[in-house]
Structure formats: structure tokens, C-alpha cells
Engineer: 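Handing you a structure now.
What you see is a predicted model, and the numbers here were worked out from it, not measured in a lab. All ligand and atom numbering here is 1-based and tracks the order in the structure.
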Amino acid sequence: MCEVPVSGQRRVLVTGGSGLVGRAIERVVKEGGGCEDEEWVFLSSRDADLTSAVETRAVFQKHQPTEVIHLAAMVGGLFQNMSHNLDFWRNNVHINDNVLQAAHELGVRKVVSCLSTCIFPDRTNYPIDETMIHNGPPHSSNFGYSYAKRMIDVQNRAYFQQYGRLFTAVIPTNVFGPHDNFNIQQGHVLPGLIHKTYLAQREGTALEVWGSGTPRRQFIYSLDLARLFLWVLREYKEIDPIILSVGEEDEVSIKEAAECVVESLGFKGQVVFDTSKSDGQFKKTASNKKLRQYLPDFTFTPFRQAVKETCEWFVANYDTARK
Ligand code: NAP
Ligand code: GDP
């Protein structure tokens, strides 16, 4: 994975380094995924509030990165998005503009930012591919987050056109794993279900799955995503983004995802579906054809195993987990 010839020492700055994806990249680097000529710096919001241009420029000047993995964002599940579209738009537009402009001003060689498959048009053909980002309005539930994220792609193209900068982006599907946000109201479906199942088991109550359980999602394990991020950082040369996803055949329903959590935690109680709650987008099935053309042999962790590992991490770290 370290075959790219580089001159001199490289310093990779990871914004959002304390989050789900950042902690996974940190672990993969520590477990041997790093290169000898790479120094890694993982930032949290305590190092700099990236909604502030002044703080962003200062933290970039302090660390003088040669490359940047840009993960920092206001991130949340369906229900947090539905009630905070303005905050998602404003925070993320400011963070992204500040980070990309600071990287430009400091002459950073490469920036890899993070989009999401939930930013694609709601009315679309399936499977979704990388060319479709701007083809129509996103789902109404998360339009603030989606439009802010789409603008990263616009800025990447503009930085290349005007200054020849290699600023690109990846497009992961729903991510989950250790260090996720297990807050039930704010977080995504899998950490929410894991936390709810844990509590239902402890209190002898039913597990309440929100919505009908029929929507479909492709989930990617954060550690698989981390390995792919390292490949993109070192090898991927396009400005056009790339979808990082398991295959279309690995898409599961929310009901199947809930069953997997129930099995992993050994929950024996009742499972009920609260259909008064929103289903959100029915599906956003993405194609990983482009990824497969580059990496035909990449192996994803089986969903069941990844859910089990995440459940075990949550139980073992219950006191300190984000919740
Ligand atoms: P996360 O766990 O919520 O972590 C967010 C990170 O951003 C944290 O390190 C947080 O720092 C940092 N951050 C937030 N606001 C900041 C600010 N104003 N200034 C500086 N840092 C700030 O998110 P994640 O799930 O790892 O997401 C990482 C990236 O993947 C995001 O760009 C997200 O849009 C994208 N993505 C996520 C998913 C998913 O399912 N989770 C799916 C597709 C794409 P603190 O820890 O200090 O708060
Ligand atoms: P999305 O993939 O961007 O829509 O975001 P989520 O990860 O929040 O997934 C939302 C889907 O999971 C919807 O179909 C919800 O109805 C369903 N869901 C079921 N239970 C939960 C839960 O406890 N939390 C969340 N966030 N979604 C849930």
C-alpha cells in the first residue's frame, strides 16, 4: 500500500480524527497500515473549531500538513437531520470552505474529503454511481447536510480548474463500528439499535425499531473504510469522487440489520416496529463498480462479523462510549 514514490517526509492531517471514521483510520495506521515516511496528526474539535476560518488557518499553520484527510463534519442520523437542516448546512459549509481554503493556502499536495451516498438525488436510477451527485434534489429529510456535502465536489473541481490542486472525495455508504455515536436521538440506525437493544435487555423491555423496517441500506464497517481511505490517499489520482461501498447484493433491510444486532447481543425480548416514525429515504443503492475496477480483490468484513465486533466494543466500553 506504500508504493507511491514520495519525496521527503509526509505529514497527514486528519480533521475529525476523534470520530468514528477518524478513530478507525488511527487504528489501522497504528496496526501497521502506515508508511514509514508518513507522520499522522489526528485533530478533534478541541484542537480547533473548524467553523472558524481563523482557528482553521492556525491549526494548519501549526502542523504544516503535506496531505489532508478531511472528515470533520456535523454528522447525525435521519432524525437529527430532519430537525436540524439549517445547522447541518451552515456548520458543514463553513467547515468545508475553511479546510479546503487553508489547505490551498498552505500548498497541501492532496486533500481527500468525505461525501456520503445520502447526498445523491432522491429520485434516481439504481444503482447510483459517481456521475449522479448533482442530478436532482436530495431526499427532503437531510437536504441541509446533502447540499453542503455536494459543494465539496464543486469546490474540488474549482480548485483543480483554477489552481491545479488534487482535492478529491470519497463517497461512503452508512458507516458503523467502534467509537460510533451511540446517542439514540442523534445517531445513525446501527449504533442506535445497538444501544436500544442493550438497554432493552438490561431493563427487560421490548426493542423498538423506528419506522417500518423495510428501507434498505448498504453498511460499511469503519475499519474497512479506513483501509480504503489509505489507498485513496496514496494511490487515487482523480478529482472525480469514488464510491466506497460493499456490493449491491450486500444491501440489507433495516429489519435484517435489527435482527443482526439482536442476534449479536443475544437479546431474547420482543422486537416492535414504531411505524409512526419516519422511514426516511427508502434506499440509496450504490454501485461499487469503479472501486472494483481499481481494487478487484479488496475483501470487506462480513456484515454479521462487523456488527458483532461493534456490539462487543459497545458493551466493553459502555461507560465511556459516546451516547
Ligand atoms: P463523527 O463520529 O460524528 O465525528 C465527527 C468528527 O468531526 C469528530 O472528530 C468531531 O470532533 C469533528 N468535528 C465536528 N464538528 C467540528 C468542528 N466544528 N470543528 C472541528 N472538528 C469538528 O463522524 P463520522 O461518522 O466519523 O464521520 C466522518 C466523515 O464521514 C464525515 O465527513 C461524515 O459526513 C462522513 N460520513 C459518515 C457516515 C456515517 O454513517 N457515519 C456515512 C457517510 C459519510 P469532536 O470529537 O471533538 O466532536
Ligand atoms: P439514513 O441512512 O441517512 O437514513 O440514516 P440512519 O442511519 O439514521 O437510518 C435511518 C433508517 O433507519 C430509517 O429507515 C429509520 O426509520 C430506521 N431506524 C430504525 N431504528 C432507528 C434508530 O434507532 N435510529 C435511527 N437513526 N434510525 C432508525
Engineer: What verdict does the side chain to side chain contact (heavy atoms under 4.5 Å, CB included) test give for M74 and D87, after you've listed the backbone C-alpha separation in whole Å, the side-chain angles of each residue and the deciding distance to 0.1 Å?
Structural biologist: CA-CA 8 Å; M74 181 177 177; D87 295 345; 3.8 Å; yes

Engineer: Report the C-alpha distance between F273 and T214 in whole Å, list the side-chain angles of each, state the deciding distance to 0.1 Å, and finish with yes or no for side chain to side chain contact (heavy atoms under 4.5 Å, CB included).
Structural biologist: CA-CA 10 Å; F273 290 83; T214 57; over 6 Å; no

Engineer: Looking only at non-hydrogen atoms, which of D49, N98, I220, D180 approaches atom 18 (N) of ligand 1 most closely?
Structural biologist: D49

Engineer: Work out whether the distance between some heavy atom of Q281 and some atom of ligand 2 is less than 4.0 Å.
Structural biologist: no

Engineer: Could you tell me the residue and atom name of the protein heavy atom closest to atom 16 (C) of ligand 1, and the distance to it rounded to 0.1 Å?
Structural biologist: I95 CD1, 4.0 Å

Engineer: Compute the centroid of each ring, for F300 and then for F298, and state whether the two points are separated by less than 6.0 Å.
Structural biologist: yes

Engineer: Check for me whether R217 has a heavy atom closer than 4.0 Å to any atom of ligand 2.
Structural biologist: yes

Engineer: To check your reading of the model: name the closest protein heavy atom to atom 26 (O) of ligand 1, its residue, and the distance in Å.
Structural biologist: V21 N, 2.9 Å

Engineer: Excluding sequence neighbours, so at least two apart, what forms side-chain hydrogen bond (donor to acceptor under 3.5 Å, both in side chains) with S141?
Structural biologist: H139

Engineer: Just go through C118, S18, S222, G19 and tell me whose heavy atom is the nearest to atom 45 (P) of ligand 1.
Structural biologist: S18

Engineer: Atom 23 (O) of ligand 2: which protein heavy atom is closest, and how many Å away?
Structural biologist: K196 NZ, 2.7 Å

Engineer: Compute the shortest N/O to N/O distance between I184 and ligand 2 and return yes if it is under 3.5 Å, no if not.
Structural biologist: no

Engineer: Students should be able to answer this: which protein heavy-atom is nearest to atom 36 (N) of ligand 1, and at what distance?
Structural biologist: Y145 OH, 3.9 Å

Engineer: How far is atom 7 (O) of ligand 2 from the closest protein heavy atom, and which atom is that?
Structural biologist: V189 N, 2.9 Å

Engineer: Could you go through the side chain to side chain contact (heavy atoms under 4.5 Å, CB included) check for R217 and I254 one step at a time?
Structural biologist: CA-CA 7 Å; R217 297 288 182 269; I254 298 298; 3.9 Å; yes

Engineer: Residue-level breakdown please: for L78 versus ligand 2, do any non-hydrogen atoms fall below 4.0 Å on the side chain, on the backbone, on both, or on neither?
Structural biologist: both

Engineer: Does D240 come within less than 4.0 Å of R157, counting only side-chain N to carboxylate O?
Structural biologist: yes

Engineer: Would you find a donor on one side and an acceptor on the other, under 3.5 Å apart, between the side chain of Q305 and the backbone of P302?
Structural biologist: no

Engineer: What's the shortest distance from atom 14 (O) of ligand 2 to any protein heavy atom, and which residue and atom give it?
Structural biologist: D279 O, 2.7 Å

Engineer: Can you check which of V175, L115, T51, V189 brings a heavy atom nearest to atom 44 (C) of ligand 1?
Structural biologist: L115

Engineer: Could you tell me whether L20 approaches ligand 1 through its side chain, its backbone, both or neither, with non-hydrogen atoms closer than 4.0 Å?
Structural biologist: both

Engineer: Heavy atoms only, cut-off 4.0 Å: how does A48 contact ligand 1, side chain, backbone, both, or neither?
Structural biologist: backbone

Engineer: Check if H188 has a non-hydrogen atom at a distance under 4.0 Å from any atom of ligand 1.
Structural biologist: yes

Engineer: Taking the minimum heavy-atom distance to atom 16 (O) of ligand 2, which of C118, G280, S278 ranks first?
Structural biologist: S278

Engineer: Answer yes or no for R322: is there a heavy-atom contact with ligand 1 below 4.0 Å?
Structural biologist: yes

Engineer: Students often mix this up, so state it plainly: with edges at 30° and 60°, are the rings of F219 and F176 parallel, tilted or perpendicular?
Structural biologist: perpendicular

Engineer: May I ask whether H70 places a heavy atom under 4.0 Å from ligand 1?
Structural biologist: no

Engineer: Any chain of hydrophobic side-chain contacts (each under 4.5 Å) joining V112 to F42?
Structural biologist: yes

Engineer: Y294 and W231: aromatic ring centres closer than 6.0 Å?
Structural biologist: yes

Engineer: Any N or O on F79 sitting closer than 3.5 Å to an N or O of ligand 2?
Structural biologist: no

Engineer: Identify, for atom 17 (C) of ligand 2, the protein heavy atom at the shortest distance, and state residue, atom and that distance.
Structural biologist: W210 O, 3.6 Å

Engineer: Going by the closest heavy atom to atom 31 (C) of ligand 1, which one wins out of L71, I152, V170, L43?
Structural biologist: L71

Engineer: When you measure from atom 32 (O) of ligand 1 to each heavy atom in R46, R217, K149, which option holds the nearest one?
Structural biologist: K149

Engineer: Measure from atom 35 (C) of ligand 1 to every heavy atom in S113, C114, S44 and give the option owning the shortest one.
Structural biologist: C114

Engineer: What atoms in ligand 2 come closer than 4.0 Å to a heavy atom of G77?
Structural biologist: 8 (O)

Engineer: If Ile, Leu, Val, Met, Phe, Trp and Tyr residues are connected whenever their side-chain heavy atoms lie under 4.5 Å apart, and connections chain through other members, are F79 and V189 in the same group?
Structural biologist: yes

Engineer: Would you please determine whether T173 falls within less than 4.0 Å of ligand 1 on a heavy-atom basis?
Structural biologist: yes

Engineer: If you measure from the Lys or Arg side-chain nitrogens to the Asp or Glu carboxylate oxygens, is any gap between R150 and D153 under 4.0 Å?
Structural biologist: no

Engineer: I want to confirm something. Looking only at heavy atoms, which of S45, A72, A73 is nearest to atom 14 (C) of ligand 1?
Structural biologist: A73

Engineer: Say whether G187 and ligand 2 are in contact under the criterion: heavy-atom distance to a ligand atom below 4.0 Å.
Structural biologist: yes

Engineer: Could a heavy atom of Q80 be found less than 4.0 Å from some atom of ligand 2?
Structural biologist: no

Engineer: Assess the residue pair D129 and S287 against the criterion (side-chain hydrogen bond (donor to acceptor under 3.5 Å, both in side chains)); give the C-alpha distance rounded to whole Å, side-chain angles, the decisive distance to 0.1 Å, and a yes or no.
Structural biologist: CA-CA 6 Å; D129 70 41; S287 163; over 6 Å; no

Engineer: Can you find an N or O of G16 that's nearer than 3.5 Å to an N or O of ligand 1?
Structural biologist: yes

Engineer: Would you tell me whether N317 and H179 have side-chain atoms, one donor and one acceptor, within less than 3.5 Å of each other?
Structural biologist: no

Engineer: To the nearest 0.1 Å, how far is atom 19 (N) of ligand 1 from its closest protein heavy atom, and which atom is that?
Structural biologist: L50 N, 2.9 Å

Engineer: As a quick check of understanding, evaluate side-chain hydrogen bond (donor to acceptor under 3.5 Å, both in side chains) for H63 and R11, giving each step before the final call.
Structural biologist: CA-CA 8 Å; H63 294 291; R11 185 174 295 136; 5.9 Å; no

Engineer: Provide the number and element of each atom of ligand 2 under 4.0 Å from a heavy atom of K284.
Structural biologist: 1 (P), 2 (O), 3 (O)

Engineer: Is it true that, when you exclude R90 itself, more than 12 heavy atoms of the residues, nucleotides or ligands shown sit nearer than 6.0 Å to its CZ?
Structural biologist: no

Engineer: Looking at K290 and E130, does any basic side-chain N land under 4.0 Å from a carboxylate oxygen?
Structural biologist: no

Engineer: Which one holds for F176 and ligand 1: side chain close, backbone close, both close, or neither close, with close meaning a heavy atom under 4.0 Å?
Structural biologist: neither

Engineer: Measure the distance from atom 27 (O) of ligand 1 to every protein heavy atom, then report the residue, atom name and distance (to 0.1 Å) of the closest one.
Structural biologist: V75 CG2, 3.8 Å

Engineer: Give me the one residue out of L190, V261, I184 that meets side-chain contact (heavy atoms from CB on, under 4.5 Å) with H195.
Structural biologist: I184

Engineer: With a cut-off of 4.0 Å, which atoms of ligand 2 are near a heavy atom of P215?
Structural biologist: 14 (O)

Engineer: Which ligand 2 atoms are under 4.0 Å away from a heavy-atom of N174?
Structural biologist: 2 (O), 7 (O)

Engineer: When you check the gap from the basic side-chain N to the acidic O, do R10 and E67 get nearer than 4.0 Å?
Structural biologist: yes

Engineer: Start with the C-alpha gap between N98 and L50, add the side-chain angles, then the distance that decides, and say whether side chain to side chain contact (heavy atoms under 4.5 Å, CB included) holds.
Structural biologist: CA-CA 7 Å; N98 290 337; L50 300 175; 5.6 Å; no

